[in-house]
Amino acid sequence: MTFDRIDRQILDLLQEDGRMTNVELAERVGLTAPPCLRRVRALEEAGAIRGYHAELDAATLGYPITVFAMVSLKSQAERDLADFEHHVASIPEIRECHMLNGEIDFILKIVAADLKSFQEILTTHLTPAPNVASVKTSLTIRTSKHQPGIPVGAS
């Protein structure tokens, strides 16, 4: 699917505020409501818009600790990679899992209520997982930029 200037504006605006009404969105991109809604539906059906969600504050909800874990596996056979991905998907505190190219196989973003909780996740669920060779962790001190989504631009 190709995206014209209006599609990109719609994507950019909805990424910024997914609760924006269709009427407000239509006004901001210079359309009337019905064609704007058709475009949004087409973007959803094409997979450009995968969903809508509320961005929650982890610390306010009891998860002030964020840790990045770099995981190396003993085997990179496709079945072993899939088994690891399936395992981490079952751990709610692991919020992101990205397979990497290079020395490290996966980087995980983990949230925890405190260091003891993180240690339990690490020692109970992560390091003893099948095929895990090593886990290196880095505790987040502060986040200076957090911008979900992608740069869409209105080209």
Side-chain angles (χ1 to χ4, degrees), residues 1-73 76 78-115 117-118 121-122 125-126 129 135-155:
M1 179 173 184
T2 58
F3 306 105
D4 65 14
R5 183 186 56 78
I6 293 174
D7 290 332
R8 290 185 179 280
Q9 283 181 305
I10 289 170
L11 292 169
D12 195 41
L13 290 166
L14 287 176
Q15 184 171 245
E16 185 179 311
D17 179 7
R19 294 184 71 183
M20 182 180 301
T21 67
N22 184 58
V23 172
E24 182 182 351
L25 181 61
E27 278 180 20
R28 303 236 346 234
V29 299
L31 295 174
T32 60
C36 184
L37 185 58
R38 282 193 295 274
R39 281 180 178 255
V40 170
R41 296 288 182 248
L43 291 166
E44 291 170 346
E45 289 172 16
I49 298 174
R50 295 191 329 194
Y52 301 88
H53 70 277
E55 185 175 343
L56 308 179
D57 183 79
T60 300
L61 294 165
Y63 294 94
I65 305 292
T66 300
V67 179
F68 289 92
M70 285 69 68
V71 180
S72 294
L73 301 181
Q76 290 75 30
E78 188 56 42
R79 179 70 191 163
D80 294 323
L81 297 170
D83 287 348
F84 179 77
E85 291 169 325
H86 181 72
H87 175 71
V88 299
S90 71
I91 305 167
E93 294 85 358
I94 298 178
R95 303 311 300 167
E96 295 180 29
C97 174
H98 303 272
M99 189 167 73
L100 303 177
N101 174 359
E103 191 175 322
I104 302 299
D105 295 309
F106 289 92
I107 187 166
L108 310 175
K109 180 182 176 183
I110 305 169
V111 296
D114 52 37
L115 289 175
S117 300
F118 167 67
I121 295 163
L122 182 65
H125 299 293
L126 202 50
V135 179
K136 297 176 184 174
T137 61
S138 293
L139 178 68
T140 299
I141 302 299
R142 90 172 145 237
T143 300
S144 59
K145 182 176 182 178
H146 173 76
Q147 191 169 1
I150 61 164
V152 178
S155 304

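When a residue number appears, it is its place in the shown sequence, counting from 1. For the numbers below, each heavy atom of this structure counts, side chains included, while hydrogens, waters and symmetry mates do not.
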Task: All ring-ring contact (aromatic ring centres under 6.0 Å, His included) counterparts of Phe106, not counting sequence neighbours - done: Phe84
Name all residues meeting the salt bridge (Lys or Arg N to Asp or Glu O under 4.0 Å) criterion together with [X]; count only those two or more places apart in sequence or in a different chain, and write none if there are none.
X	value
Glu27	none
Glu44	Arg41
Arg79	Asp83

Can you list the residues that meet the side chain to side chain contact (heavy atoms under 4.5 Å, CB included) rule with [X], with sequence neighbours excluded?
X	answer
Leu56	Ala54, Leu61
Ala129	His87, Val132
Thr60	Asp57

Suppose we screen for side chain to side chain donor-acceptor pair (under 3.5 Å). Which residues come up paired with [X], at least two apart in sequence or across chains?
X	answer
Asn22	none
His86	none
Arg95	none
His146	Glu55

Task: Of all pairs that satisfy salt bridge (charged side-chain N to carboxylate O under 4.0 Å, His left out), the ones with a partner from residues 29-40, not counting sequence neighbours - done: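 Every pair satisfying salt bridge (charged side-chain N to carboxylate O under 4.0 Å, His left out) with a residue in residues 29-40: Asp4-Arg39, Asp7-Arg39.
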TODO: Answer yes or no: is there a side-chain heavy-atom contact under 4.5 Å between Val71 and Val135?
DONE: yes
